[in-house]
Amino acid sequence: MRNGTVCSLRGVGYTYPGALAPALTEFTLDVSSGAWIALLGSNGSGKSTCARMLNALLIPTQGSCVVLGYDTSHSGTAFEVRRRVAMVFQNPENQIVAATVEEDVAFGPENLGLESSEIQERVEWALGVTGLSEMRKRPSYALSGGQKQRLALAGALALRPLCLVLDEATSMLDPQGRRDLMRVLRELHAQGMTIVSITHNLEEILFCTEACILAEGRLAWKGTPMDLLESSGGSHSLEVSPFLELWRRLKREHFLGATIFPEPKSIAEALCRFA
Ligand SMILES: Nc1ncnc2c1ncn2[C@@H]1O[C@H](COP(=O)(O)OP(=O)(O)OP(=O)(O)O)[C@@H](O)[C@H]1O
Ligand SMILES: [Mg+2]
């Protein structure tokens with residue numbers, strides 16, 4: 001494993017018990033420290049399977065998965081991997097385990113066997129980052145879907161992971177909830193968090209450092225978000241928002257790039273201009 005690599009998948013193959021076809025085949029991916037990688041692809045292309053490898057929820061049937069030096073096929077490594085690589089799934093209901101918001105956030109750090117002052121500090125931080133401090137005493141079941149999703153994120157953050165893996169974690173959120181979560185992710189990434197996010201939404205990849213498209217369990221395409229917008233990569237079952245459609249039309253009609261409206265250096269810069 002190279003220095004500064006958080007997760008390294010090498011020639012990974014995985015077939016679910018009883019499945020006829022492999023979910024991943026010869027899959028190779030390096031997640032560098034500080035990267036934000038978007039995993040894209042159509043339903044059944046293997047994105048969640050790949051995400052579960054990074055968190056040692058699944059172990060490759062071929063090839064290897066090394067997370068921060070721990071080969072996940074070695075026994076006893078899962079605990080070490082999961083405290084460093086935290087996952088947030090699509091459905092927050094499946095991740096909420098305690099009766100109140102703050103108890104739920106404390107659950108992960110408690111399982112790490114930390115001192116109560118450290119647990120308290122982490123809970124405060126995670127609630128603050130996700131904007132849930134005011135709701136700390138609320139019963140978890142009484143939260144809205146979007147608030148539950150933020151609670152799931154807070155629970156993952158309280159582990160103080162080096163890497164966050166988000167498996168369609170924004171798919172149940174309304175546009176405002178999605179924007180709020182994206183803002184949190186951007187802040188975390190700016191502070192050095194490594195992120196792997198699975199999404200069907202093109203706008204969500206704008207701030208990623210690298211996009212990977214999976215097709216039938218294989219890596220079909222890899223590049224920057226800018227490359228993705230400008231190449232056929234954009235046609236891989238991604239939602240194309242009106243903004244992105246406008247972007248493409250402006251490019252096509254040569255409005256972007258003219259002196260009067262110089263081409264933005266990055267999509268993030270373009271978004272800031274439009275915002
Ligand atoms: N528990 C399972 N048992 C058997 N096969 C499975 C299981 N989970 C996934 N698969 C199969 O593995 C392949 C990859 O599934 P995976 O869930 O990784 O895809 P995905 O890209 O996350 O899809 P989606 O966008 O629908 O979430 C699919 O063919 C799927 O049917
Ligand atoms: Mg999936």
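Just so it is clear, the structure is predicted and the values come from calculations on it, not from any experiment. Atoms within a ligand are numbered from 1 in the order they appear, just like the ligands themselves.
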For ligand 1, which atoms, with element, lie under 4.0 Å from some heavy atom of Ser48? 17 (O), 18 (O), 20 (P), 22 (O), 27 (O)
Ala23 N/O under 3.5 Å from ligand 1 N/O: no
Interfacing atoms of ligand 1 (cut-off 4.0 Å, heavy-atom, Thr49): 14 (C), 15 (O), 16 (P), 18 (O)
Out of Gly217, Gly46, Ala19, who is nearest to atom 19 (O) of ligand 1 when you count heavy atoms only? Gly46
Gln90 N/O/S atom closer than 2.8 Å to the Mg ion (ligand 2): no
Suppose we measure from atom 24 (P) of ligand 1 to each protein heavy atom; which comes out shortest, and what is that distance? Asn43 ND2, 3.6 Å
Can you list the residues that meet the side chain to side chain donor-acceptor pair (under 3.5 Å) rule with Arg52, with sequence neighbours excluded? Tyr16
Exam field: side chain Asn55 to backbone Leu57, donor-acceptor pair closer than 3.5 Å: no
Which protein heavy atom lies closest to atom 27 (O) of ligand 1, and at what distance to 0.1 Å? Glu168 OE2, 3.6 Å
The protein heavy atom nearest to atom 21 (O) of ligand 1 is Lys47 NZ, 2.8 Å
Hydrogens and angles aside, do Arg179 and Gln176 bring a side-chain donor and acceptor to less than 3.5 Å of each other? yes
Would Trp36 and Ser197 count as having a side-chain donor-acceptor pair, cut-off 3.5 Å? yes
Just checking, is any N or O donor in the side chain of Ser48 or Asp167 under 3.5 Å from an acceptor N or O on the other one? yes
Counting from 1, what ligand 1 atoms have a heavy atom of Ser42 closer than 4.0 Å? 21 (O)
So, the side chain of Thr25 versus the backbone of Gly217: is there a donor-acceptor pair under 3.5 Å, distance only? no
Could any protein non-hydrogen atom be found less than 4.0 Å from atom 30 (C) of ligand 1? no
Please tell me whether Asp30 and Ser8 have a donor and an acceptor in their side chains that are separated by less than 3.5 angstrom. yes
Proximity winner for atom 20 (P) of ligand 1, if only heavy atoms of Gly44, Gly18, Ala51, Pro22 are counted: Gly44
In the protein, which heavy atom is nearest to atom 6 (C) of ligand 1, and how far is it? Tyr16 CD1, 3.2 Å
Point-to-point distance, once rounded to the nearest 0.5 Å, from CG of Leu54 to CG of Leu164: 12.0 Å
What part of Ala21 sits under 4.0 Å from ligand 1 if we count only heavy atoms: the side chain, the backbone, both or neither? neither
Quick check: closest heavy atoms across Pro60 and Thr72, and the distance to 0.1 Å? CD-OG1, 3.9 Å
